Structure formats: C-alpha cells, structure tokens
**Student:** 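My structure is below; once you've seen it, I'll send some questions.
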Amino acid sequence: MADRDGEVRWDGLCSRERSARDSAMESIRQAVLKKSEAVAPAKEAASPPASPAAEGLSPPPSGARGGLNEMLARLLMLSKRCPFRDVREKSEAILMSVQELGIRIPRPLGQGPSRFIPEMEIIQVSAEDTHMHALFAESFTTLGHLDNIALVMVFHPQYLESFLKTQHYLLQMDGPLPLHYRHYIGIMAAARHQCSYLVNVHVNCFLHVGGDPKWLNGLENAPQKLQNLGELNKILAHRPWLITKEHIEQLLKTEEHSWSLAELIHAVVLLTHYHSLASFTFGCGINPEIHCDGGHTFRPPSVSGYCICDIANGNHGVYETQGPAANIAITEPFCEVEALMEKLKQLQECRDDVKASQEEKATRFEKEKRESMLVCCSEDEESVPTRDVSRHFEDTSYGYKDFSRHGMQVPTFHVQDYSWEDHGYSLVNRLYPDVGQLIDEKFQIAYNLTYNTMAMHKDVDTSMLRRAIWNYIHCMFGIRYDDYDYGEINQLLDRSFKIYIKTVVCAPEKTTNRMYDSFWRQFKHSEKVHVNLLLIEARMQAELLYALRAITRYMT
C-alpha cells in the first residue's frame with residue numbers, strides 16, 4: 001500500500017490497533033501538508049483566469065501537484081469509506097487544512113456506490129450494527145479500502161461474508177499461482193466485458209504486489225503462459241459450451257509455457273469469479289471508487305450556495321433527484337406483486353396435483369431454450385461508456401452468441417451426468433484445497449437466501465421463484481435439470497425480467513438504469529441486489545461446470 005512516489009505508506013491505516021492508525025495518519029498528514037505548502041505559493045503566484053482545461057475533471061497531474069492529487073483523492077475516499085471513525089475524521093481534517101492553504105480539494109462524483117440505488121438507501125459505513133461494522137472492517141483491513149461492491153452486497157451480510165472470505169482466499173492465501181498472476185488474470189477476465197471498474201481495481205493491486213507495469217500495455221506484453229490463457233478466457237466468458245478437452249490439453253502441454261492442473265484450476269476459478277463479478281458490477285450499476293478515475297473531481301460544483309464544509313463532506317447533491325427509481329413506486333399500481341404471488345400459489349397447487357412426465361419436461365426445456373434465444377440483450381443507447389480496456393484481451397469482436405443459432409446444435413448438458421455437487425466440487429477441492437468448499441458455501445447461500453418476504457408481503461415461500469431464476473440462467477447455457485418443469489419459468493419471469501437477466505448474465509456491459517427499473521417495480525432494492533447474487537452465482541456455476549467437465553474428460 002505504499003504510495004508510488006515512496007513518500008507515504010498507507011498500510012498502517014489497515015491496522016485494527018488505534019495507536020497504529022494514529023501513527024500512520026500523523027505521517028500522512030505531515031507528508032500531505034509538506035507537499036501542499038510546496039505548491040500553494042506557486043499556485044497563488046500564477047493565477048490567470050480559469051480556463052476550460054483548468055475546470056476539467058482533475059488538475060494536470062504533473063510534478064508535485066500530481067502526487068498531491070493522488071493523496072488528496074485517497075484521503076477523500078478514506079473520509080467517506082473507512083469503517084474506522086478516527087481515520088474518517090482525521091482524513092476530513094487534513095482535507096480542510098489543505099483547503100485553507102488555498103488548494104483545491106477533490107469532491108466525490110456520483111451519488112454513492114451505485115448509479116441505480118439511491119445513496120440514502122445503501123447502508124452507510126458508519127452503521128451502528130456491530131455485525132456489519134465487523135464485515136466492513138474485515139473488508140477494509142484486507143483490501144485497504146471498502147469497495148462499492150461490498151457496500152451494495154451488504155444488503156445481504158451473510159452472503160457478503162462468504163464472498164469476502166472466498167475472494168480473499170483466491171487472491172491472497174497460499175495457492176498454485178503467484179499473486180501478480182492472480183490479479184492479472186482478474187484484469188483479463190474483467191476486460192472481456194469492458195468492466196473498467198474491476199480492471200482499475202486489479203491494475204492497482206497488480207502493481208502493489210510487484211507486477212511488471214509493461215504487462216499492462218497489452219496482453220502481448222505478458223508472459224506467453226498468460227497469453228495462452230486468452231482463448232479459454234474468451235470462450236468461458238461468452239460461449240462456455242464450446243470448451244473441449246482439446247482446449248485443456250493445449251494449456252497443459254505447451255512445454256515451457258505449460259500450466260499444471262492445479263494452476264489451471266486456480267486460473268479457471270479466477271476467470272469465472274471475475275466474469276460473474278463483472279455481471280454484478282454492471283447489474284447493480286456500481287460507480288467507480290472515489291479515489292479512482294471517474295470517482296472524484298477537482299472542479300468546483302456548478303451550483304452556487306454550497307457551504308465549504310458540505311463540499312468537503314460530500315454532502316452536495318445528496319437530495320438531488322435519483323432518477324426514475326426515486327419515484328417509480330408512487331406511480332405504479334401494486335398489481336405486479338399481487339399477480340406474481342397468485343402465480344406462485346397456483347403453481348404450487350398444480351405441482352401438488354399433477355406431475356409432468358419426463359417427456360413433457362424435456363419438451364418444455366427445449367421450448368424454454370428456444371425462447372431464451374428470442375430474448376435479446378439490451379441495445380439501449382443509455383449504456384454507460386467505459387474506459388477502453390481492450391488491450392488486455394484478444395479478438396475483441398468475439399462476444400455472446402446463442403448456442404443453437406445457424407443450425408449449430410450443442411448437446412444439452414445434463415446435470416445428472418456432471419454436477420457441481422457430485423463432480424466439480426471434489427475436483428476443485430482436490431487440486432486447490434479448501435476452494436471447492438468456499439465456492440460451494442457461496443453457491444448455497446445465494447441459492448437458499450430468503451427473508452420470506454416479497455415486496456410488502458411477509459411469510460412468503462420464495463423457493464419456487466429462486467429456482468426459476470437459477471434454472472433459467474442455466475437453461476440459457478444449455479444446462480438441464482431433468483427433475484425440473486421448465487413451464488414454471490414462463491409463469492414466473494416476465495419478458496422485462498428475462499431481458500434484464502440475459503443482459504446481466506450474457507452481455508453485462510449493456511445493462512442500463514432503465515432495464516434495472518423496468519423489472520419488479522414494486523420490489524425493494526435489496527431484493528433486486530438479491531436477484532443479482534442469484535445471477536452471478538448461477539453464471540459462475542454454469543461456466544465452472546463446462547470448464548471442469550472438459551478438465552475431467554482430459555484427465556480420463
């Protein structure tokens with residue numbers, strides 16, 4: 001966590017010991033004020049009228065001012081996102097001291113962690129709940145910051161705990177791959193979906209653990225061993241049903257650039273984890289981190305009348321409109337929830353009375369599979385532009401295509417022939433100990449998570465709905481559960497919901513606020529985040545099933 005100019009170390013702020021944080025904070029304060037005093041007179045001496053360039057998103061990062069800007073941006077992040085109150089307050093105090101020297105300080109852009117969810121509805125860092133505070137502290141001491149993904153996931157603390165534990169193990173604990181490889185694979189995976197948010201995060205982590213900056217100029221500058229992973233990354237991200245044992249053989253038998261089985265399992269788990277996390281990032285409208293590009297600005301607010309302390313505190317715009325989601329519940333009738341409740345009740349009664357035959361179930365699966373191809377991913381012009389990250393992967397034109405288009409028939413993947421529980425879990429656990437267990441726990445929590453509520457209704461059994469969502473995603477990937485009646489999917493998931501699901505899972509970079517608002521309009525944001533947890537875990541499991549089946553076939 002050393003600053004790149006070597007002057008400031010931020011590591012001490014991750015300590016659970018107050019004295020260590022105080023000491024680290026004091027050294028940061030001195031370094032920041034020293035830099036600020038060095039540039040303040042020069043700033044006053046040459047003070048021409050502000051040009052449009054000077055009003056840009058950040059002052060030119062040249063010389064001492066550039067290093068100072070990075071420090072100020074990090075202090076802004078700490079003042080908003082650190083779970084330790086002492087660090088928040090001292091970070092804010094340093095920013096105020098810098099401002100008093102006549103130096104412009106940054107302010108946050110956007111409205112909190114998500115573009116889709118009003119900031120006021122997201123549980124704040126200073127929440128008094130001890131369990132949540134412990135989770136926040138765990139995330140902060142591990143990562144050095146509390147990221148926006150965690151702040152949105154914390155609607156579901158049980159899941160977040162499992163997610164953080166798994167991610168920490170994959171990235172930082174003993175494992176087959178060196179640390180810089182792990183972060184580079186994260187960059188490769190996130191880049192396939194143009195997820196500049198995750199690419200940014202892992203570029204910083206990659207450099208922090210000693211990764212070679214040249215690799216970041218493009219995949220062709222990385223070692224051949226990582227370049228060889230590009231094909232598997234591409235197919236896993238967009239058309240995992242095309243993975244064969246030949247792809248696996250190619251990676252394991254490339255002489256001096258070959259992967260071991262254990263390394264390949266680690267890489268596959270990382271690729272599937274970050275493909276899925278890109279889905280969550282876009283599906284929940286995650287904003288850039290405050291201290292990263294696009295998360296802050298040095299430009300003063302255009303609206304007059306702000307108190308200087310409001311700007312420092314980031315209170316500007318808190319009560320501005322939050323887009324369509326802010327008042328959509330007022331304008332829509334409550335019939336949508338009631339209709340869904342009624343369908344659940346009817347299906348439960350029919351299921352008890354009449355059992356569909358195996359032939360009928362097979363026919364309904366094929367019908368749902370065909371219909372899922374007619375559901376198009378969004379082509380909405382509102383998609384958020386992202387920084388170009390295409391240098392981190394090859395074949396930029398390759399994307400999601402339905403598996404049975406143009407007469408190309410891919411055999412149905414029958415879960416009873418190769419399942420996560422009976423086959424995938426043990427393979428992962430054997431070659432990368434404990435990871436299979438961590439992933440399995442995460443799958444189970446996402447699949448079984450329920451508060452027995454549905455919008456304003458309580459004591460509701462939502463298991464049928466959760467299974468419909470999970471099985472619809474697997475159906476889109478050609479995976480079939482022989483014991484499931486796929487007729488239930490059309491009853492429970494309407495078209496706008498299916499469009500959202502398919503976009504988030506298959507082409508997440510095309511997800512828009514309008515799509516998020518258009519499904520389940522009476523449901524709480526926490527319920528929509530829950531949907532996203534189901535989407536990313538079902539997607540990850542589908543990718544893993546195809547990859548692990550191919551590895552098993554290679555081994556046998």
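For clarity, every value in this text was computed on a predicted model and none was experimentally measured.
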**Student:** Flag the pair Arg16 and Glu138 as a salt bridge only when some basic side-chain nitrogen lies within less than 4.0 angstrom of an acidic carboxylate oxygen.
**Tutor:**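 Salt bridge present between Arg16 and Glu138.
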
**Student:** Show your reasoning for whether side chain to side chain donor-acceptor pair (under 3.5 Å) applies to Gln30 and Glu26.
**Tutor:** CA-CA 6 Å; Gln30 290 177 16; Glu26 180 55 26; 2.9 Å; yes

**Student:** For residues Met153 and Leu533, report the shortest heavy-atom separation together with the two atoms involved.
**Tutor:**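 For Met153 versus Leu533, the nearest heavy atoms are CG-CD2, 4.3 Å.
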
**Student:** Main chain of Gln444, side chain of Asn448: is a donor-acceptor contact present, judged purely on distance under 3.5 Å?
**Tutor:**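 Between the backbone of Gln444 and the side chain of Asn448 there is a qualifying donor-acceptor contact (under 3.5 Å).
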
**Student:** Does the gap between the ring centers of Tyr451 and His156 come in under 6.0 Å?
**Tutor:**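 When the ring centroids of Tyr451 and His156 are compared, they turn out to be within the sub-6.0 Å range.
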
**Student:** For Gln172, does the CD atom sit with more than 12 other heavy atoms under 6.0 Å from it, leaving out its own atoms?
**Tutor:** yes

**Student:** Under 30°, 30 to 60°, or over 60°: which ring-plane class applies to Tyr432 and Tyr169, parallel, tilted or perpendicular?
**Tutor:**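 If you compare the ring of Tyr432 with that of Tyr169, the planes turn out tilted.
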
**Student:** Salt bridge check, Lys524 against Glu121: does any charged N sit closer than 4.0 Å to a carboxylate O?
**Tutor:** no

**Student:** Before giving the answer on salt bridge (Lys or Arg N to Asp or Glu O under 4.0 Å), spell out for Arg18 and Asp22 the whole-Å C-alpha distance, their side-chain angles and the decisive distance to 0.1 Å.
**Tutor:** CA-CA 6 Å; Arg18 171 76 184 255; Asp22 285 346; 3.3 Å; yes

**Student:** Counting only N and O atoms by type, is there a donor-acceptor contact under 3.5 Å from the side chain of Arg182 to the main-chain atoms of Leu170?
**Tutor:** yes

**Student:** For Tyr184 and Trp215, indicate whether the former's side chain and the latter's backbone hold a donor-acceptor pair under 3.5 Å.
**Tutor:**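 A pair under 3.5 Å: yes.
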
**Student:** Looking at Asn204 and Cys292, what are the two nearest heavy atoms and their distance?
**Tutor:**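 Of all heavy-atom pairs spanning Asn204 and Cys292, the closest is ND2-SG, 4.1 Å.
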
**Student:** Counting distance only, does the side-chain N/O of Asn287 pair as donor-acceptor with the main-chain N or O of Gly112 below 3.5 Å?
**Tutor:**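 Pair found, side chain donor or acceptor close to backbone of Gly112.
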
**Student:** Hey, does the side chain of Ser139 reach the backbone of Leu135 with a donor-acceptor pair shorter than 3.5 angstrom?
**Tutor:**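 Checking the backbone N and O of Leu135 against the side chain of Ser139, no donor-acceptor pair under 3.5 Å is found.
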
**Student:** Measure from the side-chain N and O atoms of Ser276 to the backbone N and O of Ile536, and report whether any donor-acceptor pair falls under 3.5 Å.
**Tutor:**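 It does hold such a pair.
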
**Student:** Are Phe163 and His273 close enough that their ring centres sit under 6.0 Å apart?
**Tutor:** yes

**Student:** Can any side-chain N or O of Tyr274 pair as donor or acceptor with the backbone N or O of Leu198 at less than 3.5 Å?
**Tutor:** no

**Student:** Tell me the salt bridge (Lys or Arg N to Asp or Glu O under 4.0 Å) pairs involving residues 265-278, sequence neighbours left out?
**Tutor:**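 Found none.
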
**Student:** First locate atom CG of Leu78, then atom CG of Leu146, and finally report the distance between them rounded to the nearest 0.5 Å.
**Tutor:**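 The distance works out to 10.5 Å.
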
**Student:** Does a salt bridge link Arg539 with Glu543, judged by any charged N lying under 4.0 Å from a carboxylate O?
**Tutor:** yes

**Student:** I'd like to know whether Tyr181 forms a side chain to side chain donor-acceptor pair (under 3.5 Å) with Glu263, so could you lay out the CA-CA distance, the side-chain angles of the two residues, the decisive distance to 0.1 Å, and finally the verdict.
**Tutor:** CA-CA 10 Å; Tyr181 266 51; Glu263 287 174 330; over 6 Å; no

**Student:** Taking atom NE2 of His145 and atom SG of Cys82, what is their separation to the nearest 0.5 Å?
**Tutor:** 12.0 Å

**Student:** Using 30° and 60° as the class limits, which term best fits the ring planes of Phe84 and His133: parallel, tilted or perpendicular?
**Tutor:**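 Perpendicular.
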
**Student:** Between Arg104 and Phe298, is there a donor-acceptor pair closer than 3.5 Å when you use the side chain of the first and the backbone of the second?
**Tutor:**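 Side chain of Arg104 to backbone of Phe298, a donor-acceptor pair under 3.5 Å: yes, one is there.
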
**Student:** Flag yes if more than 12 heavy atoms outside Gln224 fall under 6.0 Å of its CD atom; otherwise flag no.
**Tutor:**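 Buried by this count: over 12 neighbours within 6.0 Å.
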
**Student:** Okay, side chain of Ser23, backbone of Ala20: is any donor-acceptor separation there less than 3.5 Å?
**Tutor:** no

**Student:** CG of Leu95 to CG of Leu76: how many Å apart, nearest 0.5 Å?
**Tutor:** 6.0 Å

**Student:** Under 3.5 Å, is there a donor-acceptor pair between the side chain of Arg81 and the main chain of Asn148?
**Tutor:**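 No, because the side chain of Arg81 does not come within donor-acceptor range (under 3.5 Å) of the backbone of Asn148.
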
**Student:** So among His275, Glu509, Lys510, which one has a side chain to side chain donor-acceptor pair (under 3.5 Å) with His193?
**Tutor:**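 The residue from His275, Glu509, Lys510 that satisfies side chain to side chain donor-acceptor pair (under 3.5 Å) with His193 turns out to be Glu509.
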
**Student:** Which heavy atom of Leu68 sits nearest a heavy atom of Ser36, and at what distance?
**Tutor:**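 Shortest heavy-atom separation between Leu68 and Ser36 comes out as CD1-OG, 3.6 Å.
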
**Student:** Do the rings of Trp520 and Phe523 sit parallel, tilted or perpendicular, given the 30° and 60° boundaries?
**Tutor:**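 Ring orientation of Trp520 relative to Phe523: parallel.
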
**Student:** Pair Asn532, Tyr500 - check side chain to side chain donor-acceptor pair (under 3.5 Å), show working.
**Tutor:** CA-CA 10 Å; Asn532 273 277; Tyr500 177 80; 2.9 Å; yes

